[in-house]
Amino acid sequence: MAKELTSRAQDYSQWYNDLVIKGELADYSAVRGCMVIKPYGYALWENMRDVLDRMFKETGHQNAYFPLFVPKSLFEAEEKNAEGFAKECAVVTHYRLIADPKNKGKLMVDPEAKLEEELIVRPTSEAIIWNTYKTWIQSYRDLPILVNQWANVVRWEMRTRLFLRTAEFLWQEGHTAHATAQEAIAETKQMLDVYADFVENWMAVPVIKGVKTANERFAGAEDTFCIEALMQDGKALQAGTSHFLGQNFAKAFDVKFSDQNNKQEYVWATSWGVSTRLIGGLVMTHSDDEGLVLPPRIAPIQVVIVPIYKGEEQKAILDEKVAEIVKSFKAAGIRVKYDNSDHARPGWKFAEYELKGVPIRIAIGARDLENKQVELARRDTKEKSSIAMEGLTQTVETLLVEIQSNLFERAKKYRDEHITKADSWDEFIKILDTDGGFVLAHWDGTAETEDKIKEIAKATIRCIPLDNPLEKGKCILTGNASTQRVLFARAY
RNA sequence: CGGGAAGUAGCGCAGUCCGGUAGCGUACCUGGUUUGGGACCAGGUGGUCGCAGGUUCGAAUCCUGUCUUCCCGACCA
């Protein structure tokens with residue numbers, strides 16, 4: 001009867017799967033590697049999307065939509081980008097099915113309906129977008145182009161995990177075009193800041209901003225900036241990326257503009273994205289063995305009210321009283337649910353909403369009505385207390401803010417406690433094998449060393465933090481000279 | 001793609017070794033008692049056992065093939 005959850009200590013990835021499925025964020029589907037995002041999970045995504053969308057618009061961006069399919073000839077135009085994604089592309093080769101003559105009731109691909117040119121299901125949209133921008137841009141007056149699209153993309157991953165890595169996922173991808181490199185770089189950094197702002201202040205997930213090494217760079221980018229988060233099991237998660245694409249795509253798609261002096265120049269580009277993966281990061285940052293813990297600012301339900309009654313008469317009285325509370329909450333912009341369904345008893349509801357991560361639960365019964373109070377339980381600390389009915393809306397508003405900041409502080413404390421400096425190889429491995437987390441260590445700056453470390457330690461350079469202090473040292477692997485520590489971790 | 005596991009009622013599972021016409025928990029329906037941490041009693045509904053062949057008087061069970069999903073790795077957001 002109880003929805004048994006695997007504990008984190010037992011099996012962290014099973015715990016994660018249990019939460020996603022039993023918390024009704026998503027479900028497996030009949031399609032390999034593709035998930036169904038359930039209404040509760042989608043509501044969460046909608047909240048995230050709405051906030052981000054507002055932030056994009058506040059920074060001058062507009063939404064547009066480009067096709068799902070990319071003709072192969074366009075896809076291959078930017079060589080590095082194409083090469084980077086080629087091995088994980090779904091490809092459309094035919095456009096029609098016919099009845100299978102050998103197999104009654106079955107269909108087969110019509111061999112007559114082969115496409116002249118294969119269509120790639122977008123793993124990312126630079127190609128189709130830059131092919132379009134070519135027709136939008138003639139003059140410096142057409143710049144900048146600041147466009148974002150909300151879309152699904154497909155990457156045929158070998159191994160998938162709910163939200164963290166699915167074959168199809170939802171995301172947004174910003175694609176901007178600029179007259180100068182400086183402006184494009186400023187845009188890249190601006191969007192990195194937008195992401196960090198969103199993830200920290202709305203999702204309560206602390207992140208480290210940094211730049212990727214050449215090895216980890218987005219295929220086709222000059223520079224990839226990222227925000228890196230740390231999960232409870234000590235593994236890192238790339239939470240968002242913002243790329244300075246230089247003139248790579250402009251050259252590949254021949255996108256030039258006339259500047260003020262009527263000189264033809266290639267356009268400078270950026271692209272940036274975050275995906276439904278953030279939901280996975282959210283789960284693994286805050287949740288516990290009782291279920292999800294959602295930050296108030298993006299929780300689909302911020303407050304759930306559970307009535308406790310004996311008999312229809314009491315229920316009717318509570319319904320009436322709670323209707324006032326709900327009205328007051330809604331007027332204050334609080335997302336509230338009154339669960340007066342009669343098929344589940346209070347204890348069941350308590351457990352259910354804890355599993356769903358609802359930040360605040362209010363229980364109210366005859367006893368409370370008498371005392372003009374309610375029982376209030378917060379999900380983050382599991383504390384219960386009696387709260388006066390008088391000024392309840394204000395109390396709840398304040399508490400939602402407090403929970404939000406508590407979640408962030410708690411996650412940040414954990415994260416900070418799991419950033420360790422390592423000065424030798426043994427120390428490096430020991431940290432990774434025990435507590436995990438981020439390890440700040442010297443690296444000689446070469447791709448070979450980075451590869452070797454990845455191979456032996458299964459750890460990658462997550463980023464070189466922005467504003468990283470310079471510090472002379474020796475590479476933990478090769479002992480060669482190094483000018484700064486970089487951030488290593490095992491990652492999702 | 002390599003290794004492992006699994007497909008039987010909405011969900012979670014047993015039954016498969018040793019063939020005899022499908023069972024448990026939960027959910028669901030009806031009635032009643034309940035309701036401050038996952039209620040109880042009584043009665044009920046629901047499954048061509050992933051799919052396709054084969055062996056057999058008879059297949060969830062044996063054989064062959066096939067599809068799908070999950071987990072662990074290599075790849076990646």
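Just so it is clear, the structure is predicted and the values come from calculations on it, not from any experiment. Every chain is numbered from 1 and lettered A, B, ... according to where its sequence line falls, protein lines coming before strand lines.
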**Student:** Looking at the side chain of A:R32, which of B:rC70, B:rA74, B:rC76 is the nearest nucleotide?
**Tutor:**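 For A:R32, the side-chain atoms sit closest to B:rC70.
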**Student:** If you measure from the C1' atom in B:rG47 to the same atom in B:rU26, how many Å do you get, rounded?
**Tutor:**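 Looking at atom C1' only, B:rG47 and B:rU26 are 16 Å apart.
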**Student:** Around A:Q14, counting heavy atoms of other residues, nucleotides and ligands shown, do more than 12 lie under 6.0 Å from its CD?
**Tutor:**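 Yes - once you tally the heavy atoms of other residues, nucleotides and ligands closer than 6.0 Å, there are more than 12.
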**Student:** Should A:N17 be listed as having a side-chain N or O under 4.0 Å from OP1 or OP2 of B:rC71?
**Tutor:**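 Looking at the OP1 and OP2 atoms of B:rC71, one of them is under 4.0 Å from a side-chain N or O of A:N17.
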**Student:** Determine the contact category for A:K315: base if any of its heavy atoms lies under 4.0 Å from a base atom, sugar-phosphate if only primed atoms, P, OP1 or OP2 are that close, otherwise nothing.
**Tutor:**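 No contact.
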**Student:** Whole angstroms only, please: what is the CD-C1' distance between A:E173 and B:rA77?
**Tutor:**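 Result: 12 Å.
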**Student:** Which part of the nucleic acid does A:S13 contact within heavy-atom distance under 4.0 Å: base, sugar-phosphate only, or nothing?
**Tutor:**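 Sugar-phosphate, no base atom in range.
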**Student:** Can you work out whether A:A363 or A:R161 has the more 5'-proximal nearest nucleotide on RNA chain B?
**Tutor:**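 Result of the comparison: A:A363.
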**Student:** For the residue pair A:F169 and A:W171, does the interplanar ring angle fall in the parallel (under 30°), tilted (30 to 60°) or perpendicular (over 60°) class?
**Tutor:**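 If you compare the ring of A:F169 with that of A:W171, the planes turn out perpendicular.
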**Student:** What's the gap between B:rG53 and B:rG58 when it is taken at their P atoms, as a whole Å value?
**Tutor:**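 My reading of the P atoms in B:rG53 and B:rG58 gives 16 Å.
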**Student:** Write down the distance separating the C1' atoms in B:rU68 and B:rC51, rounded off to the nearest Å.
**Tutor:**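 Nearest-Å result for B:rU68 against B:rC51 at atom C1': 10 Å.
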**Student:** Base, sugar-phosphate alone, or nothing: which one does A:Y28 contact when heavy atoms must sit under 4.0 Å apart?
**Tutor:**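 The answer is sugar-phosphate, as A:Y28 gets under 4.0 Å only of primed atoms, P, OP1 or OP2.
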**Student:** NA contact type, A:F218, heavy-atom cut-off 4.0 Å: base, sugar-phosphate, or nothing?
**Tutor:**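 No contact at all - A:F218 keeps every heavy atom at 4.0 Å or more from the nucleic acid.
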**Student:** It should be established whether A:K22 places a side-chain nitrogen or oxygen under 4.0 Å from OP1 or OP2 of nucleotide B:rG12.
**Tutor:**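 Negative; the distance criterion is not met.
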**Student:** Between A:W348 and A:F350, does the ring centre distance come in under 6.0 Å?
**Tutor:**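 Between A:W348 and A:F350, the centre distance exceeds or equals 6.0 Å.
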**Student:** What is the distance, rounded to the nearest whole Å, between atom CD of A:Q238 and atom P of B:rC75?
**Tutor:**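 Atom CD in A:Q238 sits about 15 Å away from atom P in B:rC75.
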**Student:** How long is the line joining CG of A:D451 and P of B:rA74, in whole Å?
**Tutor:**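 Rounded to the whole Å, the gap is 14 Å.
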**Student:** Distance check needed: B:rC76 P versus A:W156 CH2, whole Å only.
**Tutor:**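 Rounding to the nearest Å, CH2 of A:W156 and P of B:rC76 are 19 Å apart.
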**Student:** I need the CG-P distance between A:L5 and B:rG12, as an integer number of Å.
**Tutor:**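 Going from CG in A:L5 over to P in B:rG12 covers 15 Å.
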**Student:** Regarding A:E375, tell me which of base, sugar-phosphate or nothing describes its non-hydrogen contacts under 4.0 Å with the strands shown.
**Tutor:**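 The residue A:E375 makes base contact.
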**Student:** For A:A239, which contact category applies under a 4.0 Å heavy-atom criterion: base, sugar-phosphate, or nothing?
**Tutor:**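 Nothing, no heavy atom under 4.0 Å.
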**Student:** On RNA chain B, does the nearest nucleotide to A:R345 precede the nearest nucleotide to A:W171 from the 5' side, or the other way round? Give the residue.
**Tutor:**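 Residue closer to the 5' terminus by nearest nucleotide: A:R345.
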**Student:** Compute both the distance and the angle, then confirm whether A:K212 meets the cation-pi test with A:F218: under 6.0 Å from the six-membered ring centre, within 45 degrees of the axis.
**Tutor:**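 Cation-pi check for A:K212 and A:F218: fails.
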**Student:** Respond yes when some side-chain nitrogen or oxygen of A:R159 is under 4.0 Å from OP1 or OP2 of B:rG73, and no when none is.
**Tutor:**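 Yes, A:R159 has a side-chain N/O under 4.0 Å of OP1/OP2 on B:rG73.
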**Student:** Roughly, in whole Å, what's the span from CD in A:Q14 to P in B:rG12?
**Tutor:**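 Distance, rounded to whole Å: 12 Å.
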**Student:** Once you apply a heavy-atom cut-off of 4.0 Å, does A:V274 come out as touching a base, just sugar-phosphate, or nothing?
**Tutor:**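 Touches nothing.
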**Student:** Taking the P atom in each of B:rU30 and B:rU21, what is the distance between them to the nearest angstrom?
**Tutor:**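 It comes out at 34 Å once rounded to the nearest Å.
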**Student:** Taking the C1' atom of each, how far is B:rG3 from B:rG46, in whole Å?
**Tutor:**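 It comes out at 39 Å once rounded to the nearest Å.
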**Student:** Between B:rC72 and B:rG25, how many Å separate the two P atoms, rounded to a whole number?
**Tutor:**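 Between the two P atoms, the distance is 33 Å.
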**Student:** Please measure how far the P atom in B:rC70 lies from the corresponding atom in B:rU61, and state the result in whole Å.
**Tutor:**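 Each nucleotide's P atom is 25 Å from the other's.
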**Student:** Tell me, yes or no, whether the heavy-atom count around A:K80 atom NZ, taken from other residues, nucleotides or ligands under 6.0 Å, exceeds 12.
**Tutor:**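 It does not: A:K80 NZ has 12 such atoms or fewer within range.
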**Student:** Rounding to an integer number of angstrom, what distance separates B:rG44 and B:rU64 when you compare their P atoms?
**Tutor:**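 After rounding to an integer number of Å, I get 43 Å for this pair.
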**Student:** Can you tell me how far P of B:rC76 sits from NZ of A:K212, to the nearest Å?
**Tutor:**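 After rounding, the gap between these two atoms is 11 Å.
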**Student:** Using a 4.0 Å heavy-atom cut-off, does A:L237 contact any base of the nucleic acid, only the sugar-phosphate backbone, or nothing at all?
**Tutor:**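 The answer is nothing, as A:L237 stays clear of every strand by at least 4.0 Å.
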**Student:** Please work out if A:D368 contacts a base, only the sugar-phosphate, or nothing of the nucleic acid, heavy-atom cut-off 4.0 Å.
**Tutor:**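 Base contact - A:D368 has a heavy atom under 4.0 Å of at least one base atom.
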**Student:** Distance criterion of 3.5 Å, no angle test: do you see the side chain of A:K349 paired donor-to-acceptor with the base of B:rG36?
**Tutor:**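 Such a pair does not exist between side chain and base.
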**Student:** For A:T276, answer base if it contacts any base atom (sugar-phosphate contacts may also be present), sugar-phosphate if it contacts only those atoms, and nothing otherwise; contact means non-hydrogen atoms under 4.0 Å.
**Tutor:**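 No contact at all - A:T276 keeps every heavy atom at 4.0 Å or more from the nucleic acid.
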**Student:** Check whether more than 12 heavy atoms from other residues, nucleotides or ligands sit under 6.0 Å from atom CD of A:E46, and answer yes or no.
**Tutor:**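 Yes.
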**Student:** Under 4.0 angstrom, heavy atoms only, what part of the nucleic acid is A:K382 near: base, sugar-phosphate, or nothing?
**Tutor:**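 No contact.
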**Student:** Name the nucleic acid region contacted by A:E157, choosing base, sugar-phosphate or nothing; use a 4.0 angstrom heavy-atom cut-off, strictly under.
**Tutor:**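 Since a base atom lies under 4.0 Å of A:E157, the category is base.
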**Student:** Any side-chain heavy-atom pair from A:I364 and A:I325 closer than 4.5 angstrom?
**Tutor:**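 The answer is yes, as the side chains (C-beta and beyond) meet within the 4.5 Å cut-off.
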**Student:** Looking at A:W156, I want to see if its CH2 is surrounded by more than 12 non-hydrogen atoms of other residues, nucleotides or ligands under 6.0 Å.
**Tutor:**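 Counting other residues, nucleotides and ligands, CH2 of A:W156 stays at 12 neighbours or fewer.
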